[in-house]
Amino acid sequence: MLKKLYILAMLSIPFSDFYALLPLGELQHELSTYVFFLLMGLMVAVHLKNKALVPVTDLSAGSLYEFLPKLMVVLLAIIAFSFVMNFPDMFHSSYRGRLPINKFVTSTLVVFYGFGVAFVSCKLGDKYSWRDLVVWPITLSVVICMAFSAIEMLAWHGGVTEGLYRMLSRLVHVAYIDDGVSGDGLPGTDFTGRSRSVCFEPPALANFAGFAWPWVYAGFQGARRKYKSLYLIALLLCTTLIIVAYSRTSYVLLLGNIGVLILLKLVYLPQRMNNPRVAKMVSLFIQIGAVLALGAIIYESDAIVARVLTTNNDSTVSNITRLSSMTAAFHMFFARPIWGFGFGQYGFHVLQFLPPWAYQSWEVRVWFEGSTFGDVWPPVFSIYGRFAAELGILGLVTWVALWVLVARYIWKLTLQYQRLTGELFTFSYPLIMSCYCALFSGIALDSLRTPMMWVSLGLAACYVHDLRLRLIKLERNPIPAAQA
């Protein structure tokens, strides 16, 4: 039953416009939330019955089974530290009836939920085939999304498909009302020319497809010959979803996935042994390039703002909104660089840090003018801006270091095992790519609720645990040189 529920959770991940049954904050519209919570409850019941969720002997390998709770403690300690330092301020502000304490609790709940998903993924990933648990359910969900997107895009042109889309949309977009006049005339949408499929908006579709891409690729890479063509079609469909979402997240994730895959295939984890010197040289060039790019953005920041303000096209308002929100976030960071303003507190302080030109965007104006349409939490649009503003340098560095170190740990162990046995595990690719997906998606999105991010973290723990046990056995019983 646990396995079937987990597969159902994976299938339901893209359905992010579900009716809110519980006051779960930003998690309430995610269909997968309810399945994962049920899974967590059953896992706790199994733990209490069996008295041990993970055998003690499993911890002897010093794997990420230990790292997951340690990481959770570190991240929660930083959140708690920031909370204590900002506690007096949490009684002097509010936003549309929301109180700072309530927002802190719901934001922290997302972190607990994420680690819960990671623990469940880690435990079940250790027991069942990843192809059964993750690869084919994610691939099937991509096919479902593409089928719905096809109906949606055909409905833009009217005809029979518009009626079909309206009927299906009422089933998967139940948080929206079919008023018949919104945006392009379709139920609850204002994303003309951009597909959202079963997700609540196009960036959410792009985010899901971006995280799904490495796992669909893993299915193609490891499939038997008769199934390869099917997985190749699914990979093309996943790429198409990223493109038709037509959002900033789309381009970042697609190019990031392809770039990381190329580097793994050619430099870091080729099928044959790699050249350490080449890998170090490429790493050096990447680091220098990243520093130069960041320096150029900072140096040209005024010119970038001026260009955005003087440009007049369909995306101008959105660009101003995003740029002003991120600018306010980093102004908040410079005001309190060590501990920030407290987890979940961005919206209570953003007004005093917004640049004057931000109000050229009607989206910014409605946040603070009492409009019913603007009754939403002011987004940061970047996880880096959010962590910098809310948790300061401690939270920002911890978040980035988490994914970089996990990816590096997977790479080093995989490479070590490859040198000893000549065998390369194909699942190392999607795991490392998923780590960088978490980093890339944070450029344009500010939420921690993405389930695939936490699933990847849990599977990384399981993968490293298994690989370390294999390496321990090899140390005790080395493979003869001729066989290796």
Side-chain angles (χ1 to χ4, degrees), residues 1 4-39 113 117 134 136-212 216 234 237-238 240-247 249-250 373 375-376 447 449-452 455:
M1 184 172 64
K4 291 178 179 178
L5 277 175
Y6 191 87
I7 291 173
L8 178 61
M10 300 303 292
L11 286 170
S12 64
I13 284 177
F15 293 84
S16 55
D17 200 9
F18 189 65
Y19 181 71
L21 297 177
L22 297 171
L24 295 176
E26 59 184 293
L27 293 172
Q28 62 186 324
H29 293 298
E30 306 277 339
L31 179 56
S32 60
T33 295
Y34 303 96
V35 186
F36 275 121
F37 270 128
L38 178 58
L39 260 172
Y113 165 77
V117 172
V134 181
W136 82 256
I138 284 296
T139 302
L140 180 57
S141 64
V142 165
V143 174
I144 292 172
C145 286
M146 191 65 245
F148 201 95
S149 282
I151 296 173
E152 178 187 12
M153 289 184 285
L154 288 172
W156 293 343
H157 305 287
V160 178
T161 51
E162 182 175 343
L164 176 62
Y165 176 75
R166 287 182 182 278
M167 180 184 69
L168 295 176
S169 186
R170 292 187 183 98
L171 298 176
V172 300
H173 295 139
V174 289
Y176 286 86
I177 299 174
D178 182 2
D179 58 12
V181 297
S182 300
D184 54 13
L186 297 179
T189 66
D190 59 353
F191 312 116
T192 306
R194 303 167 62 195
S195 175
R196 64 170 176 163
S197 187
V198 300
C199 304
F200 81 98
E201 63 175 354
L205 174 62
N207 194 44
F208 163 73
F211 273 95
V216 179
L237 292 178
C238 192
T240 303
L241 282 176
I242 297 175
I243 295 173
V244 298
Y246 197 67
S247 71
T249 313
S250 304
F373 180 78
D375 191 16
V376 294
S447 177
R449 69 177 181 267
T450 304
M452 282 303 296
V455 167

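Both backbone and side-chain heavy atoms feed into the values below; hydrogens, waters and symmetry mates do not. Start at 1 with the first residue, then count along the sequence.
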Q: Using the side-chain contact (heavy atoms from CB on, under 4.5 Å) rule, take Y165 and W156 through it: C-alpha gap first, then chi angles, then the decisive distance, then the call.
A: CA-CA 10 Å; Y165 176 75; W156 293 343; over 6 Å; no

Q.
Would you say that F211 contacts I138 through its side chain, given a criterion of any heavy-atom pair below 4.5 Å between the two side chains?
A. no

Q) Of the non-hydrogen atoms in V142 and A212, which two are nearest, and what is the gap between them? A) CG2-CB, 3.9 Å

Q | Test log, rule side-chain contact (heavy atoms from CB on, under 4.5 Å), inputs Y6 and L11 | A | CA-CA 9 Å; Y6 191 87; L11 286 170; over 6 Å; no

**Q.** Spacing of L171 atom CG and R166 atom CZ [to the nearest 0.5 Å]
**A.** 14.0 Å

Q) Roughly how far apart are L5 CG and S12 OG, rounded to 0.5 Å? A) 10.0 Å

Q.
Less than 4.5 Å apart, side chain to side chain, heavy atoms only: is that true for D17 and V172?
A. no

Q: Rounded to the nearest 0.5 Å, what's the gap from CZ on R449 to NE2 on H29? Could you check?
A: 9.0 Å

Q. Counting N and O atoms only, with roles assigned by atom type, does the side chain of H173 sit under 3.5 Å from a partner on the main chain of S197, one being a donor and the other an acceptor?
A. yes

Q) Can you find a pair of side-chain heavy atoms, one from F36 and one from L31, that are under 4.5 Å apart? A) no

Q) Between R194 and Y246, is there a donor-acceptor pair closer than 3.5 Å when you use the side chain of the first and the backbone of the second? A) yes

Q) When you check the gap from the basic side-chain N to the acidic O, do R196 and E201 get nearer than 4.0 Å? A) no

Q) Is the gap between the ring centers of F18 and F200 under 6.0 Å? A) no

Q) Got a second to check how far C145's SG is from F208's CZ, nearest 0.5 Å? A) 5.0 Å

Q) Minimum heavy-atom separation for E30 to E26, with atom names? A) CG-O, 4.4 Å

Q: Locate the shortest heavy-atom distance separating T161 from I151; write the atom from each residue and the value.
A: O-CG2, 4.2 Å

Q | Pairwise side-chain contact, F15 with I144, heavy-atom cut-off 4.5 Å (strictly under) | A | yes

**Q.** Gap separating the CG atom of L241 from the SG atom of C199, nearest 0.5 angstrom
**A.** 8.5 Å

Q) Can you tell me how far the CE atom of M146 sits from the CG atom of L205, to the nearest 0.5 Å? A) 8.5 Å

Q) What closest approach, in Å, do V117 and P451 show between heavy atoms, and which atom pair accounts for it? A) CG1-O, 4.1 Å

Q | Non-hydrogen side-chain atoms of S141 and M10 separated by less than 4.5 Å | A | no

Q.
One pair to check against side chain to side chain donor-acceptor pair (under 3.5 Å): S149 and S195. What are the steps and the verdict?
A. CA-CA 6 Å; S149 282; S195 175; 2.7 Å; yes

Q) When you check the side-chain N and O atoms of Q28 and T33, is any donor under 3.5 Å from an acceptor? A) no

Q | Shortest non-hydrogen separation from C238 to A209 and the atoms involved | A | SG-O, 3.2 Å

Q. Considering all heavy atoms of both residues, which atom of A245 and which atom of S250 are nearest to each other, and what is their separation?
A. CB-OG, 3.6 Å

